[in-house]
Amino acid sequence: MSNTNQELADFIWSVADLLRGDYKRSEYAKVILPLTVLRRFDCVMEEKGTREAVRARAASYTGDRKDAVLLATAGLPFYNTSEQSFKTIGSDDKRVYENLKDFIRWFSPEVTEIIDRYDFHIQIERLKESGLLYQVVQKFAAIDLSPQKVNNHDMGYVFEELIRKFADASNETAGEHFTPREVVKLMVELLLGPDDAVIRRPGQVIDILDPACGTGGMLAAAEEHIRDIKPGARVNLYGQEINAESYAICRSDMLLKGHTAGNIRFGNTFTRDWHDDRKFSYMLANPPFGVEWKKAEKAVREEHDERGFDGRFGAGLPRINDGSFLFLQHMLHKMKPLTKDENGELAGGSRIAVVFNGSPLFTGSAGSGESEIRRWILEHDYLEAIVGLPDQLFYNTGISTYFWILTNRKPKHRRGKVVMLDARGEWVKRRKSLGEKRKEISEEQIRGICAMYRDAEQIAADPNHADHAKVKILRNEEYGYQRITVDRPLRLRFEITEETLAELASSASLQRVLGDKKMDPEEVAKRQEQFVTALRPLAGQVWSRKSDAWDALHAAVTAAGLIWPSGAAFQKALRDAVGVRDPKGEVQYVKGTQPEHDPDLRDAENVPMGQKIDDYLAEEVTPHVEDAWIAELKNPKTKLTERYKVGYEIPFTRHFYVYEPPRPLAEIDADLKSLEAEIQALLGEVTE
């Protein structure tokens, strides 16, 4: 952001000095943002110089389609037939309220809808009651926001800087509203760079969607990149946004740039897709990190259950506290299908770029919603690349983030593969931190990352290349694994101790065995006490085999004149009390010859795709625990018995891990001695 724009944002922010006391810090945006938008519209109309013509045409025209006629007269995508402007609204402090209301009332429908999203009429009443309306309007009347002074690109910076300030002031999440510009630039370069030749083709109509568009910064950057490549390109921008203020800014920005502002829609992308009937050439987004989708759960689950892959969420549903994969599935659903042109060449298709935190790479075990979504993406060969970014890039979080690049028209040399590019070290330190943002990516580094992305195959194949360690290329199936459950037998010895007797005395299971629902509870408790008393003489005895233990216990119980209960429930209650896990103990069996598994020793292993799970067990497990076996478990969804589950994860960090040996012990010891001497010296000063 230039110094001029920063000064402008600071000047607009100074209006907060007037609001302080009558407004909370978290409420400043409710006044400043809509007035900034209104002043921008006012300056644009002033610069165009068609106000008088619009008013005259509005007064004389009595036919149909008046709105279209007035738009044509204005020469802008909006108009205002009011006699008021910011020069006249505050000319009389006694009429500022009526003048401002009149100015807003006679805007064209597009602008009225935008201002309504701010609920600005409530603030006008509040400013009037507090006696601030005249002063605030005069402040804005003094600001020159004309396109000649502040172009559309810079106006976007001003809006974003204001939103960041408001978010900081109210402890909200600035990252929900916009993305740092250098991150957007890199994202757009990676998304559109491989398609430069496609964009230059004559007659191209390029549709771009951001389903979490915020103030529209990503859409604006994508359009700018395309027009740099082909100045006359036809670009249509589409977006959807759930935050009313961000939506209003984005829509007004589109309006001022001559785009169809109606392509920017307000609402939750999960519950209603306002662009349901469209497919897009390019899509990009920075959805909020780790935001739950509980409010949209009913609609999402209904679409998943009832429409399957005909809807947006057929691949699966992630856990409720992170909707990242819902955004991604939404975007994949809106890809254009691949076709062939008259020359037999592939045409159509789409490219997608989205920024996530690390969670979507690996969260969720085999069979979970996240794993199934990754599986669907990789098995359909949609994932082209993962680019790891530096931490501390964003305003609201210092965590590491990742670009996902996806497409349904991979170039031939990348089909069936995924590029992983480690750009976590590509950053420079900011001179001044902005929230959590302490790092940024320089122009030179952006070019370097794009070059690595372009030449990934060459770099990965050349061990001597300077960037070889930053690039990995893996086949899709290498991200898959077979999740097996490894069981080991339950081994027990049997003993009677004071603890055993106490457990039997309080065992609800034994109580149920010794009595029934019709029996008096006191009688049941008496039986349980007699049973424990009969076993007390055996305290201190240990048996290595269950049969020997049961013979001794049976003899003690019958000798006391009690009945030895029958049934599996009694056997289990007794064994739970007197059985003690012992690695050298007797193996317990179920159904005669089948070993019973020990729940405490149950483990899971990930077997690479393509390797037989029995071979893996023989090579990797049984050499260490020879009595292990692969469990056969019932799948709760399919009700079928299975020996493994297929899972997919993208362990980015593991693939780029570099081992660093620990410091020598002598060096550590020397440091400790030095610190010890320093502490002794400080203690000596205290005691003197």
Side-chain angles (χ1 to χ4, degrees), residues 484-604 625-643:
I484 62 173
T485 299
V486 177
D487 275 337
R488 295 171 61 187
L490 177 63
R491 294 178 177 272
L492 300 175
R493 70 175 188 271
F494 304 89
E495 59 187 31
I496 297 293
T497 65
E498 289 300 324
E499 289 78 10
T500 299
L501 296 171
E503 185 175 342
L504 286 170
S506 61
S507 171
S509 298
L510 182 60
Q511 194 174 79
R512 286 192 293 271
V513 171
L514 296 175
D516 56 49
K517 293 181 180 179
K518 297 179 181 179
M519 188 175 292
D520 182 62
E522 291 186 4
E523 178 63 25
V524 177
K526 182 178 179 182
R527 286 189 179 188
Q528 189 169 6
E529 183 180 351
Q530 290 172 342
F531 188 88
V532 173
T533 301
L535 298 181
R536 192 169 297 279
L538 300 177
Q541 294 196 37
V542 179
W543 301 270
S544 60
R545 296 195 307 169
K546 180 182 175 183
S547 59
D548 294 339
W550 258 231
D551 287 344
L553 297 176
H554 181 273
V557 169
T558 55
L562 304 176
I563 297 174
W564 179 263
S566 61
F570 169 70
Q571 296 287 328
K572 184 178 186 308
L574 189 60
R575 195 192 73 176
D576 287 348
V578 304
V580 179
R581 283 179 171 80
D582 186 339
K584 297 180 180 179
E586 179 187 45
V587 175
Q588 304 303 296
Y589 290 89
V590 292
K591 299 178 183 178
T593 59
Q594 180 181 338
E596 181 180 354
H597 81 276
D598 187 341
D600 289 353
L601 297 180
R602 172 166 279 183
D603 200 1
V625 282
E626 60 183 13
D627 53 1
W629 71 89
I630 297 173
E632 296 184 357
L633 304 173
K634 183 173 285 188
N635 187 316
K637 295 180 181 178
T638 65
K639 307 303 181 185
L640 299 175
T641 300
E642 57 189 21
R643 301 182 71 211

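All values reported here derive from a predicted model rather than from experimental measurement.
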Q: Could you measure the distance from the CD atom of Glu529 to the CD atom of Glu522? Nearest 0.5 Å is fine.
A: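 With rounding to 0.5 Å, CD (Glu529) is 12.0 Å from CD (Glu522).
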
Q: Please report the closest heavy-atom contact between Leu601 and Pro489, naming both atoms and the distance.
A: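 For Leu601 versus Pro489, the nearest heavy atoms are CD1-O, 4.3 Å.
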
Q: So which of Glu596, Glu586, Glu503 actually passes salt bridge (charged side-chain N to carboxylate O under 4.0 Å, His left out) with Arg575?
A: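 Exactly one pass, corresponding to Glu596.
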
Q: So how far is it from Leu492 CG to Lys546 NZ, rounded to the nearest 0.5 Å?
A: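 Leu492 atom CG to Lys546 atom NZ measures 9.0 Å (nearest 0.5 Å).
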
Q: Considering only distance and modelled atom types, tabulate donor-acceptor pairs under 3.5 Å from the side chains of residues 550-562, sequence neighbours left out.
A:
residue: Trp550; atom: NE1; partner: Gln571; partner atom: OE1; Å: 2.7
residue: Thr558; atom: OG1; partner: His554; partner atom: O; Å: 2.9
residue: Thr558; atom: OG1; partner: Ala555; partner atom: O; Å: 3.2

Q: Taking all heavy atoms of Phe494 and all of Ala549, pick out the closest pair and write down the distance.
A: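 Closest heavy-atom pair between Phe494 and Ala549: CB-CB, 3.7 Å.
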
Q: How long is the gap from OG1 on Thr500 to CZ on Arg536, to the nearest 0.5 Å?
A: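 Taking OG1 in Thr500 and CZ in Arg536, the distance rounds to 11.0 Å.
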
Q: Which heavy atom of Ile484 sits nearest to which heavy atom of Arg643, and what is that distance?
A: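 Ile484 and Arg643 have their closest heavy atoms at CG2-O, 3.8 Å.
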
Q: Measuring from Leu574:CG to Lys572:NZ, what's the distance to the nearest 0.5 Å?
A: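 Between Leu574 CG and Lys572 NZ, I get 11.5 Å after rounding to 0.5 Å.
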
Q: Compare every heavy atom of Gly585 with every heavy atom of Arg491, then report the nearest pair and how far apart it is.
A: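 Nearest pair, atom of Arg491 first, then Gly585: NH1-O, 3.3 Å.
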
Q: Might you work through the salt bridge (Lys or Arg N to Asp or Glu O under 4.0 Å) test for Arg488 and Glu626, ending with a clear yes or no?
A: CA-CA 9 Å; Arg488 295 171 61 187; Glu626 60 183 13; over 6 Å; no

Q: In Å, rounded to the nearest 0.5 Å, how long is the span from CG of Leu490 to CG of Asp582?
A: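 Leu490 CG to Asp582 CG: 11.0 Å, rounded to 0.5 Å.
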
Q: Which residue pairs pass the ring pair (Phe, Tyr, Trp, His ring centres under 6.0 Å) test with at least one member in residues 522-549, sequence neighbours excluded?
A: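 Checked against ring pair (Phe, Tyr, Trp, His ring centres under 6.0 Å) - neighbours excluded - the pairs reaching residues 522-549 are Phe531-Phe570.
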
Q: Are more than 12 heavy atoms from other residues, nucleotides or ligands located less than 6.0 Å from atom CZ of Arg545?
A: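 No, the 6.0 Å shell around CZ holds no more than 12 heavy atoms from other groups.
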
Q: Using side chain to side chain contact (heavy atoms under 4.5 Å, CB included) as the criterion, list what pairs up with Thr638, not counting sequence neighbours.
A: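 Thr638 satisfies side chain to side chain contact (heavy atoms under 4.5 Å, CB included) with Asn635, Leu640 once adjacent residues are dropped.
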
Q: Can you tell me how far apart CG (Leu504) and OG1 (Thr533) are? Round to the nearest 0.5 Å.
A: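 Rounded to the nearest 0.5 Å, the CG-OG1 separation comes to 11.0 Å.
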
Q: So which heavy atom on Ala628 is nearest to which on Val486, and how close?
A: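 Closest approach of Ala628 to Val486: CB-CG1, 3.7 Å.
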
Q: Looking at Gln530, I'd like to know if its CD atom is crowded, meaning that more than 12 non-hydrogen atoms belonging to other residues, nucleotides or ligands lie closer than 6.0 Å.
A: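 Yes, the 6.0 Å shell around CD holds more than 12 heavy atoms from other groups.
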
Q: For Arg602, what residues pass the side chain to side chain contact (heavy atoms under 4.5 Å, CB included) criterion, not counting sequence neighbours?
A: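 If we apply the side chain to side chain contact (heavy atoms under 4.5 Å, CB included) test to Arg602, skipping adjacent residues, the hits are Thr485, Asp487, His597, Ala631, Leu633.
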
Q: What residues form a side-chain hydrogen bond (donor to acceptor under 3.5 Å, both in side chains) with Ser507, not counting sequence neighbours?
A: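 In terms of side-chain hydrogen bond (donor to acceptor under 3.5 Å, both in side chains), with neighbours along the sequence ignored, Ser507 is linked to no residue.
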
Q: Holding to salt bridge (charged side-chain N to carboxylate O under 4.0 Å, His left out), I want the full list of residues that pass it with Glu495, two or more places apart in sequence or in another chain.
A: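 Residues passing salt bridge (charged side-chain N to carboxylate O under 4.0 Å, His left out) with Glu495: Arg493.
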
